[in-house]
Amino acid sequence: MTNWLGLPELASTHGGQIAGMIALVHVFMLILFVGWGGFFTYALVRFRRSRHPVANYAGVKSHTSSYLEVGVAVVEAILLFGFAIPLWAARVDIMPAESEALVVQVTGEQFAWNMHYAGADRVFGRTEITLLDLQSNPLGLDRSDPAGMDDITTVNQLYLPVNKPIIVRLRSKDVIHSFGVPEFRVKQDAVPGLTIPIWFIPNVTTAEMRTRTGNPEFQYEIACAQLCGLGHYRMRGFVTVQTAEEFQKWMEDTTAEQSAPDPFR
Ligand SMILES: [Cu+2]
């Protein structure tokens, strides 16, 4: 129904509502454009100089234009209070229970996305600023903390299971970044000093999307949607949506890989 907008493919359960909202606003803007454009053209012709060589100092007596203005304001109020605010409330205020969701901490930095999974114990390990190392430990994760031993961190690679609520806790190390995945119809600023949760349910795996788009190299891309510095253009991450089994396997393999004792330490 909203294909005429030319939006990217849809890959989340709530995305249709966002697309519907965008469509509604476009239709309303089209009506306004035609209406005001028509009125403008009418005024140009009706009050042309050859018909009115001398200005009419009394002006317009009818109240039609005031009624039109009020009508437009009423429709705008309906759009805002009837559609936009309820949709915002449903998307932002009501979070799924953490026990039924996968929680990932995503920390933006100039110019990369750091993903942090709590691992099998579902508890995030302690992070410590003194352990922070841009190459080997960009989040300063303390591997000696029992809760941190099974944690997983990746850079620019976000793996997610399909059809499961995902809670992303967005943070930033330096400046304002923005986590945007167009196919999920998700976009949120990451603000230094704040942890901002967002949630969505991806419902199309990367493999399915490759068949659907006919592009064997298709990748969901996290685009940083705030101009965050000179390297902003290369601040892109990738999301791989997998089946529950594939994701479980990735989780186990990566945990084994990352929690193995580091021979160089
Ligand atoms: Cu950025």
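None of the values given here were measured: they were computed from a predicted structure.
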Any side-chain heavy-atom pair from [X] and [Y] closer than 4.5 angstrom?
X      : Y      : answer
Lys187 : Phe179 : no
Arg143 : Gln258 : yes
Leu131 : Leu141 : no
Leu158 : Leu160 : yes
Ser12  : Val186 : no
Val72  : Trp36  : yes
Thr127 : Gln105 : no
Phe247 : Lys164 : no

Among pairs that include at least one residue of [range], which meet salt bridge (charged side-chain N to carboxylate O under 4.0 Å, His left out), considering only residues two or more places apart or in two chains?
range            : value
residues 77-86   : none
residues 88-109  : Glu98-Arg169, Glu109-Lys173
residues 60-84   : none
residues 191-214 : none

Reported [atom1]-to-[atom2] distance for the pair [X] and [Y], which is rounded to 0.5 angstrom:
X      : Y      : atom1 : atom2 : result
Leu139 : Thr153 : CG    : OG1   : 6.0 Å
Leu87  : Met21  : CG    : CE    : 6.5 Å
Glu128 : Asn137 : CD    : CG    : 11.0 Å

Return yes if some donor-acceptor pair links the side-chain N/O of Asn156 with the main-chain N/O of Trp113 below 3.5 Å, else return no.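 Yes, the answer is positive, given that a donor and an acceptor are paired below the 3.5 Å cut-off.
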Is the backbone N or O of Gln226 less than 3.5 Å from a side-chain atom of His177, with the two atoms forming a donor-acceptor pair by type?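 Not at all, since once roles are kept as given, no pair shorter than 3.5 Å links the two residues.
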Tell me the ring-ring contact (aromatic ring centres under 6.0 Å, His included) pairs involving residues 53-78, sequence neighbours left out?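 Not a single pair qualifies under ring-ring contact (aromatic ring centres under 6.0 Å, His included).
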Minimum heavy-atom separation for Pro138 to Val155, with atom names?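 Heavy-atom minimum between the residues: CG-CG2, 4.4 Å.
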Looking at Val162 and Val204, what are the two nearest heavy atoms and their distance?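 Answer, listing the atom of Val162 first, then Val204: CG2-N, 3.8 Å.
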Which Ile, Leu, Val, Met, Phe, Trp or Tyr residues join Ile201 in one cluster when any pair of side-chain heavy atoms under 4.5 Å counts as a link?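 Its cluster mates, by chain and number, are Met95, Val103, Phe124, Ile167, Trp199.
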Can you list, by chain and residue number, the hydrophobic cluster partners of Val92 when the side-chain cut-off is 4.5 Å?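 Reading the cluster by chain and number, Val92 sits alongside Trp88.
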Taking salt bridge (charged side-chain N to carboxylate O under 4.0 Å, His left out) as the criterion, tell me which of Asp145, Asp151, Asp142 meets it with Arg126.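 So, applying the salt bridge (charged side-chain N to carboxylate O under 4.0 Å, His left out) to Arg126 and each of Asp145, Asp151, Asp142, only Asp142 qualifies.
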Set of salt bridge (charged side-chain N to carboxylate O under 4.0 Å, His left out) partners for Asp253, sequence neighbours left out: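 Asp253 satisfies salt bridge (charged side-chain N to carboxylate O under 4.0 Å, His left out) with Lys249 only.
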Could you list the residues that satisfy salt bridge (charged side-chain N to carboxylate O under 4.0 Å, His left out) with Asp150, not counting sequence neighbours?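 Not a single residue meets the salt bridge (charged side-chain N to carboxylate O under 4.0 Å, His left out) criterion with Asp150.
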Before giving the answer on ring pair (Phe, Tyr, Trp, His ring centres under 6.0 Å), spell out for Tyr159 and Tyr117 the whole-Å C-alpha distance, their side-chain angles and the decisive distance to 0.1 Å. CA-CA 10 Å; Tyr159 284 79; Tyr117 297 79; 7.9 Å; no
Using ring-ring contact (aromatic ring centres under 6.0 Å, His included) as the criterion, list what pairs up with His52, not counting sequence neighbours.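 His52: ring-ring contact (aromatic ring centres under 6.0 Å, His included) contacts with Phe47.
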Which residues satisfy the ring-ring contact (aromatic ring centres under 6.0 Å, His included) test with Phe111, sequence neighbours excluded?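 Here no residue qualifies.
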Please enumerate all residues that pass side-chain hydrogen bond (donor to acceptor under 3.5 Å, both in side chains) together with Arg49, with sequence neighbours excluded.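 For Arg49, no residue satisfies side-chain hydrogen bond (donor to acceptor under 3.5 Å, both in side chains) once neighbours in sequence are set aside.
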Please name the residue in the list Val241, Thr243, Asn203, Thr205 that meets the side-chain contact (heavy atoms from CB on, under 4.5 Å) test with Asn163.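 Output: one option passes, namely Asn203.
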Is it the case that the ring center of Tyr220 lies less than 6.0 angstrom away from the ring center of Phe218?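 Close enough - the centres of the two rings lie under 6.0 Å apart.
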